[in-house]
Amino acid sequence: MKIKIPLLLFISLIISYVSAQAPDGYYNTADGKKGAELKSALYNIIKEHVQYPYTSSSSVDVWDILKETDRDPNNPNNVILIYTGLSVDAAQEYNNGKGWTREHVWAKIHGNFGTDLGAGTDAHHLRPCAVEVNSERSSRWFAECTTPVYYNGTATGCYKGSTEWTWKPRAEVQGDVARMIFYMATRYEGENGEPDLELIDYLPSSNNSTAPLFAKLSDLLVWNLTDPVDEFEMNRNNVIFKYQKNRNPFIDHPEYANLIWGEGSNSPMFTSHPITDARVGLPYQYDISAYIIDSSQLTYSLQQAPSWLELTDYGNGTALLAGIPDSDAKGSYVVSITVSSDSQHSANQEFYIEVENFTLSTEQTEQKPQIIINGNKLFIINTKCYSVQIFDILGNLCQKTNCSDYIDISDLKQGIYILEINNGITSQKQRFAVN
């Protein structure tokens with residue numbers, strides 16, 4: 001689900017998998033609605049949930065609920081930590097900083113609700129987390145960024161901003177995070193002394209603002225599409241429903257997010273993030289994809305780009321921007337791409353590409369893997385690699401192999417694919433195109 005998907009297919013891939021877990025008729029009052037009307041209907045469905053204390057020695061508290069919601073399916077004595085994926089002893093709890101802690105996914109300072117009943121103890125956005133990683137994430141906004149985050153010397157798969165107050169979760173929970181944030185912005189509307197939480201699509205100038213706002217909406221919408229609901233997330237929703245008597249609608253119906261914040265079914269939305277660096281003499285490629293909730297045909301056009309770049313529109317909702325900068329191309333370039341639907345709506349993506357001479361430095365090895373395709377050979381540089389898996393855009397496994405000098409992709413048909421790179425500890429996902 002990383003490209004334009006017709007509405008019926010989108011619903012069949014997601015809703016059929018999870019909606020059976022919601023009681024019959026639970027979302028009836030939301031049927032046929034979109035925008036503010038849908039958001040209001042969902043609020044009325046999920047408000048006034050049963051509340052539990054953050055910590056209690058005499059009754060069920062948040063610790064107890066998280067031990068069940070995030071229980072390791074392979075070890076019932078453990079919980080899974082959200083940003084590292086590690087399985088740790090659930091009984092440890094905080095343990096003077098040696099155990100695990102409770103991550104407020106909607107950072108509690110943004111709304112200033114602390115650990116009070118309501119938003120501060122709502123298990124729908126609380127997750128077990130390593131103490132050190134919880135501190136490093138702090139109150140950072142969720143958005144695309146590129147500086148790797150390490151825990152005990154090992155890459156977590158998360159990233160943070162080097163100049164901006166941002167945090168990107170590991171790929172396996174990006175959608176989970178987005179849907180938790182969507183829930184909070186819907187559940188808390190400023191009534192009965194609760195905060196009025198809202199989403200924004202810019203990064204505030206104040207990192208620790210107490211304003212009830214959270215960023216960055218456009219990236220969260222993309223993560224909701226690129227990381228679909230899985231069994232673990234569905235089970236969390238069911239367990240929390242048992243305790244709080246309310247559900248996260250965006251787990252049961254991920255399409256609600258676009259209907260509320262994505263301007264309904266009218267506007268296309270880029271689901272790919274630009275590659276902003278290039279090297280002299282090496283192939284540059286940016287695999288472009290976009291999404292629109294109806295069945296409109298999407299077309300791409302290049303509004304501005306250096307002469308060494310060419311755009312290929314595959315006609316299936318994806319495109320490729322590619323080229324090889326020569327020795328005279330070193331410098332900074334503006335690129336502008338437009339995606340248009342046959343319903344006369346469009347979206348624009350503008351970014352800079354920095355072209356530099358090719359050197360493989362220590363700093364570069366900590367960045368995202370770089371994929372280079374030459375004929376039927378796929379090369380991976382800038383990372384350790386022990387094994388790879390290649391999936392098509394619907395998540396079907398196409399190829400699995402150990403890493404060598406290159407990967408033979410001669411059996412792959414034309415289109416966009418997902419490459420999952422395993423370094424023996426963590427995995428990273430990258431998109432690539434086969435022409």
Original post:
Is the OH atom of Y406 crowded by more than 12 outside heavy atoms at less than 6.0 Å?
Top reply: no
Calculate, to the nearest 0.5 Å, the distance between atoms [atom1] and [atom2] belonging to [X] and [Y] respectively.
X: C398; Y: I418; atom1: SG; atom2: CD1; answer: 10.0 Å
X: W223; Y: I181; atom1: CH2; atom2: CD1; answer: 9.5 Å
X: S289; Y: L320; atom1: OG; atom2: CG; answer: 12.0 Å
X: L321; Y: Y284; atom1: CG; atom2: OH; answer: 5.0 Å
X: T147; Y: E164; atom1: OG1; atom2: CD; answer: 10.5 Å
X: H253; Y: L259; atom1: NE2; atom2: CG; answer: 11.0 Å

Subject >> Matching residue for M180 among I82, I251, V173 - test: side-chain contact (heavy atoms from CB on, under 4.5 Å) >> reply: I82
[Y] backbone acceptor or donor facing [X] side chain under 3.5 Å:
X: S138; Y: R140; value: no
X: T156; Y: V149; value: yes
X: D313; Y: Y300; value: yes
X: W100; Y: A90; value: yes
X: N95; Y: K98; value: no
X: D176; Y: E233; value: no

By side chain to side chain donor-acceptor pair (under 3.5 Å) - contacts of [X] (at least two apart):
X: D72; result: S87
X: E68; result: K242, Y243
X: T166; result: none
X: R137; result: E103

For residues 212-221, run the donor-acceptor check on the side chains, cut-off 3.5 Å, and write out each pair with its distance to 0.1 Å, sequence neighbours left out.
from	atom 1	to	atom 2	distance (Å)
S218	OG	D201	OD1	2.8
D219	OD2	E144	N	3.0

Closest approach of [X] and [Y], non-hydrogen atoms and distance?
X: P204; Y: I200; result: CG-CD1, 3.6 Å
X: K67; Y: V79; result: CA-CG1, 3.8 Å
X: L309; Y: V335; result: CD1-CG2, 4.1 Å
X: V60; Y: P53; result: O-CD, 3.4 Å
X: V434; Y: Y314; result: O-OH, 4.1 Å

Subject >> Full working for salt bridge (charged side-chain N to carboxylate O under 4.0 Å, His left out) between E356 and K330 >> reply: CA-CA 5 Å; E356 300 178 353; K330 185 178 178 181; over 6 Å; no
Residues in ring-ring contact (aromatic ring centres under 6.0 Å, His included) with [X], at least two apart?
X: Y352; result: none
X: Y94; result: none
X: Y83; result: W167
X: F241; result: Y26

Original post:
Should W165 and S139 be marked as a side-chain hydrogen bond (donor to acceptor under 3.5 Å, both in side chains) after you check the CA-CA gap, both sets of side-chain angles, and the distance that decides it?
Top reply: CA-CA 8 Å; W165 194 244; S139 61; 3.1 Å; yes
I'd like to check [X] versus [Y] (side-chain heavy atoms, cut-off strictly below 4.5 Å). Are they in contact?
X: F250; Y: N224; result: no
X: I45; Y: P249; result: no
X: T401; Y: V388; result: yes
X: Y54; Y: R102; result: yes
X: I380; Y: I407; result: yes
X: N348; Y: I337; result: no
X: I373; Y: Q285; result: yes
X: V133; Y: L81; result: no

Assess, by modelled atom type and distance only, whether the side chains of [X] and [Y] contain a donor and an acceptor separated by less than 3.5 Å.
X: T55; Y: D61; answer: no
X: R179; Y: N248; answer: no
X: N316; Y: T318; answer: yes
X: N238; Y: R247; answer: yes
X: E132; Y: Y150; answer: no
X: N258; Y: E255; answer: no

**OP:** Determine, using ring centers only, whether W261 and F182 are less than 6.0 Å apart.
**Re:** yes
Subject >> Ring centers of F351, Y333 separated by less than 6.0 Å >> reply: no
Original post:
Can D408 and K377 be counted as an ion pair, charged N to O under 4.0 angstrom?
Top reply: no
Subject >> Pair R187 + E194: basic N to acidic O under 4.0 Å >> reply: yes
**OP:** Name all residues meeting the salt bridge (charged side-chain N to carboxylate O under 4.0 Å, His left out) criterion together with E350; count only those two or more places apart in sequence or in a different chain, and write none if there are none.
**Re:** none
Original post:
Who passes salt bridge (charged side-chain N to carboxylate O under 4.0 Å, His left out) against E198, sequence neighbours left out?
Top reply: K39
Could you give the side-chain donor-acceptor pairs of residues 112-127 under 3.5 Å, partners two or more places apart or in another chain?
from	atom 1	to	atom 2	distance (Å)
T121	OG1	Y52	O	3.1
T121	OG1	G118	N	3.4
D122	OD1	H124	N	3.0
D122	OD1	Y183	OH	3.4
D122	OD1	Q244	NE2	3.1
D122	OD2	Y183	OH	2.6
D122	OD2	Y188	OH	2.7
H124	NE2	N246	O	3.1
H124	NE2	N246	OD1	3.3
H125	ND1	W106	N	3.1
H125	NE2	A119	O	2.9
R127	NE	D70	OD2	2.7
R127	NH2	D70	OD2	3.4

